[in-house]
Undergrad: 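Dropping the structure in here first, questions after.
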Amino acid sequence: MRLVIVFLLSALLPLSLSHGRDPFAWLYTRQNYFGSMQADTTGGECPDECDCPPSFPVAMYCDGRGLTAMPTIPSRVKYLYLQNNAITAVPDSALINATNLVWLMMHHNQLMSEAIGKKAFLKLEGLERLYVQHNNLTSIPPNLPRSLRDLRINHNKIEKVTPADLEGMDNLTILDLHDNALTDMSTSLKALKSLTLLDISGNKLTKVPEALPEHLHQLYLESNSIDSIPEGFLGRFTQLQYVRMAHNQLTDKGIPPNTFNVTGLVELDLSFNKLERIPPVSTTLQHLYLQANQIKEFTLGSFCSIVDVTNFSKLRTLRLDGNEISRQDIPSESSLCLRLASSIEI
């Protein structure tokens, strides 16, 4: 049987090469394989400037087409890809027929807040993902669907977020606002009871936002101008595992005692700040980044208050390079306390 297959393939190959075509192109070329399938026109024709694959009729691909305006969207479409264009506006009428949308990808366009209609997103009751990063937005679009789970609005020009902007978003789990111009968030995040990832790095914040959601798993605050942390900052977060506050203005004075000595935390990044001492951390912490501070002393008590067979730090990564200490400053008994650390960079 194997010889027969080899014979057939050897017979096909010269024939295919003589015509300059691959006889097996149908295996990986969607156009050849599905070319004979009839396009689905339910809810309207596919616009000429977009692709609506017969194999996936609920998706419409309009990405990277040089579009400057919203195309007509058939009502059957659930997944709409409009990224990498030059679209500036979303009028109220643009999505009126697209009530079945689940994903809307509009990142890397030229959207302006004043050109987004107040009712543009109002009827998208099933929308779960909205990607509008890398645009020219100065505010969060109005009347966003309460069904949203993932909102990416980073790399814009947003200066403020109010409670009204995110009102009723009980399902939102990811909010990415990094690299905007935020100076104040007031209590705008308090009602986001399902939020697990919040990225507000790369803004102009001078303090940690008040009333953060209690179920956060990941909190990214790096590259701001935060110089202090509120008392009991991490005490109420029972599920928080990753905290990143690199590239801020934190000093020892601005960090209350035992702020980071909380169980559950897996990674803590305090690099590129102005710390002179190693803050006390929980023995359950696994990764600690303190490089490029002004630390002058290796305080073993920051990691272990008691050291024995069962009491030791779970730390695996410790970075202290770019400080004012050397390897000779590490006490010999650190090998017992930090017995799981694969390397200590100084």
Undergrad: Are the side chains of Phe272 and Asn293 in contact, using a 4.5 Å heavy-atom criterion?
TA: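 No, side chains not in contact.
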
Undergrad: Taking the side chain as everything from C-beta on, heavy atoms only, tell me whether Leu338 gets closer than 4.5 Å to Ile344.
TA: yes

Undergrad: If I take atom CZ from residue Arg149 and atom OG1 from residue Thr196, how far apart are they, to the nearest 0.5 angstrom?
TA: 11.0 Å

Undergrad: Quick check: does any side chain N or O of Lys296 sit under 3.5 Å from a backbone N or O of Gln294, one acting as donor and the other as acceptor?
TA: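 Yes, the answer is positive, given that a donor and an acceptor are paired below the 3.5 Å cut-off.
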
Undergrad: Is any side-chain heavy atom of Phe312 closer than 4.5 Å to a side-chain heavy atom of Cys337?
TA: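 Answer no - side chains too far apart.
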
Undergrad: Start with the C-alpha gap between Ser223 and His247, add the side-chain angles, then the distance that decides, and say whether side chain to side chain donor-acceptor pair (under 3.5 Å) holds.
TA: CA-CA 5 Å; Ser223 299; His247 295 277; 5.0 Å; no

Undergrad: Please tell me whether Leu104 and Leu67 are part of a single hydrophobic cluster in this structure, the criterion being side-chain heavy atoms less than 4.5 Å apart.
TA: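 Linked, Leu104 and Leu67 end up in one cluster.
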
Undergrad: Sub-3.5 Å donor-acceptor pair from the side chain of Asp92 to the main-chain atoms of Lys119, do we have one?
TA: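 Yes, Asp92 side chain to Lys119 backbone: donor-acceptor pair under 3.5 Å.
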
Undergrad: Does Asp227 use its side chain to pair, donor to acceptor, with the backbone of Leu250 at less than 3.5 Å?
TA: no

Undergrad: CD of Glu125: more than 12 outside heavy atoms within 6.0 angstrom?
TA: no

Undergrad: So, the side chain of Asn85 versus the backbone of Ala69: is there a donor-acceptor pair under 3.5 Å, distance only?
TA: no

Undergrad: Identify whether Met245 and Leu197 are in the same connected component of the hydrophobic contact network (ILVMFWY, side-chain heavy atoms under 4.5 Å).
TA: no

Undergrad: Quick one about Thr299 and Glu297 (side-chain donor to acceptor, distance below 3.5 Å, no hydrogens or angles considered), yes or no?
TA: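 There is no such pair (donor and acceptor under 3.5 Å, judged by atom type) between the side chains of Glu297 and Thr299.
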
Undergrad: Would you say Leu148 and Glu128 make side-chain contact, with heavy atoms under 4.5 Å?
TA: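 Answer no - side chains too far apart.
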
Undergrad: For a side-chain contact (heavy atoms from CB on, under 4.5 Å) check, start with the C-alpha distance between Met106 and Val90, then their side-chain angles and the critical distance, and finish with the verdict.
TA: CA-CA 10 Å; Met106 295 196 71; Val90 185; 4.0 Å; yes

Undergrad: Any non-hydrogen side-chain atom of Pro280 less than 4.5 Å from a side-chain atom of Thr259?
TA: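 Not in contact.
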
Undergrad: Can a donor-acceptor pair be found, under 3.5 Å and without considering hydrogens, that links the side chain of Asp329 to the backbone of Arg327?
TA: no

Undergrad: Check Asn109 against Leu82 and note the closest heavy-atom contact, atom names and distance.
TA: ND2-O, 3.0 Å

Undergrad: Would a 4.5 Å heavy-atom cut-off, applied to side chains only, mark Met185 and Leu205 as touching?
TA: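 Result yes, sub-4.5 Å side-chain heavy-atom pair found.
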
Undergrad: Can you confirm whether Gln249 is buried at CD, in the sense that more than 12 heavy atoms of other residues, nucleotides or ligands lie under 6.0 Å from that atom?
TA: yes

Undergrad: What verdict does the side-chain contact (heavy atoms from CB on, under 4.5 Å) test give for Leu130 and Leu127, after you've listed the backbone C-alpha separation in whole Å, the side-chain angles of each residue and the deciding distance to 0.1 Å?
TA: CA-CA 7 Å; Leu130 176 60; Leu127 192 67; 4.3 Å; yes

Undergrad: Within the side chain of Asn100, is there an N or O that forms a donor-acceptor pair under 3.5 Å with the backbone of Ser75?
TA: yes

Undergrad: Let me check something: do Leu288 and Tyr220 share a hydrophobic cluster, defined by ILVMFWY side-chain heavy atoms less than 4.5 Å apart, either directly or through other members?
TA: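 No, Leu288 does not connect to Tyr220 through the hydrophobic network.
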
Undergrad: Do the rings of His155 and His178 sit parallel, tilted or perpendicular, given the 30° and 60° boundaries?
TA: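 Rings of His155 and His178: perpendicular, over 60°.
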
Undergrad: Side chain of Asp165, backbone of Pro163: donor and acceptor closer than 3.5 Å?
TA: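 No.
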
Undergrad: For Asp150 and Tyr131, run side chain to side chain donor-acceptor pair (under 3.5 Å): C-alpha distance rounded to whole Å, both residues' side-chain angles, the deciding distance at 0.1 Å, then the answer.
TA: CA-CA 8 Å; Asp150 185 351; Tyr131 289 8; 3.0 Å; yes

Undergrad: With salt bridge (charged side-chain N to carboxylate O under 4.0 Å, His left out) as the criterion, how do Arg65 and Asp51 come out once you've worked through the C-alpha distance, each side chain's angles and the decisive distance to 0.1 Å?
TA: CA-CA 10 Å; Arg65 312 298 167 97; Asp51 290 325; 3.2 Å; yes

Undergrad: Could you give me the CA-CA distance, side-chain angles and deciding distance for Asp321 and Ile346, then say whether side-chain contact (heavy atoms from CB on, under 4.5 Å) is met?
TA: CA-CA 4 Å; Asp321 44 309; Ile346 290 187; 5.8 Å; no

Undergrad: Would you call the rings of His287 and Tyr289 parallel, tilted or perpendicular if under 30° counts as parallel and over 60° as perpendicular?
TA: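 Because their plane-to-plane angle is under 30°, the rings of His287 and Tyr289 count as parallel.
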
Undergrad: Is there a side-chain contact between Val161 and Asp184 (heavy atoms, below 4.5 Å)?
TA: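 No - every pair of side-chain heavy atoms lies 4.5 Å or more apart.
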
Undergrad: Will you find, in the side chains of His108 and Gln83, an N or O donor that is under 3.5 Å from an N or O acceptor?
TA: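 Checked: His108/Gln83 side chains show no N/O donor-acceptor pair below 3.5 Å.
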
Undergrad: Flag the pair Ile295 / Glu276 as yes when at least one side-chain heavy-atom distance between them is below 4.5 Å, and no otherwise.
TA: no

Undergrad: Backbone N or O of Thr72 within a donor-acceptor pair of the Asn97 side chain at under 3.5 Å?
TA: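 Looks like no, no N/O pair under 3.5 Å.
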
Undergrad: With no hydrogens and no angle check, is any side-chain donor or acceptor of Ser194 less than 3.5 Å from a backbone partner on Thr173?
TA: no

Undergrad: Report the C-alpha distance between Arg236 and Glu214 in whole Å, list the side-chain angles of each, state the deciding distance to 0.1 Å, and finish with yes or no for salt bridge (charged side-chain N to carboxylate O under 4.0 Å, His left out).
TA: CA-CA 7 Å; Arg236 65 183 183 276; Glu214 295 183 1; 5.4 Å; no

Undergrad: Tyr61 and ring-ring contact (aromatic ring centres under 6.0 Å, His included): which partner among Tyr81, Phe56, Tyr79, Trp103?
TA: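 The ring-ring contact (aromatic ring centres under 6.0 Å, His included) with Tyr61 is passed solely by Tyr81 among Tyr81, Phe56, Tyr79, Trp103.
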
Undergrad: Taking Glu267 as the fixed residue, which of Arg319, Arg316, Arg244 is the one that meets the salt bridge (charged side-chain N to carboxylate O under 4.0 Å, His left out) rule?
TA: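 Only one of Arg319, Arg316, Arg244 forms a salt bridge (charged side-chain N to carboxylate O under 4.0 Å, His left out) with Glu267, namely Arg244.
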
Undergrad: In this structure, which one of Ile200, Asn203, Leu137 forms a side-chain contact (heavy atoms from CB on, under 4.5 Å) with Asn180?
TA: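 Going through the options one by one, the only one that passes is Asn203.
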
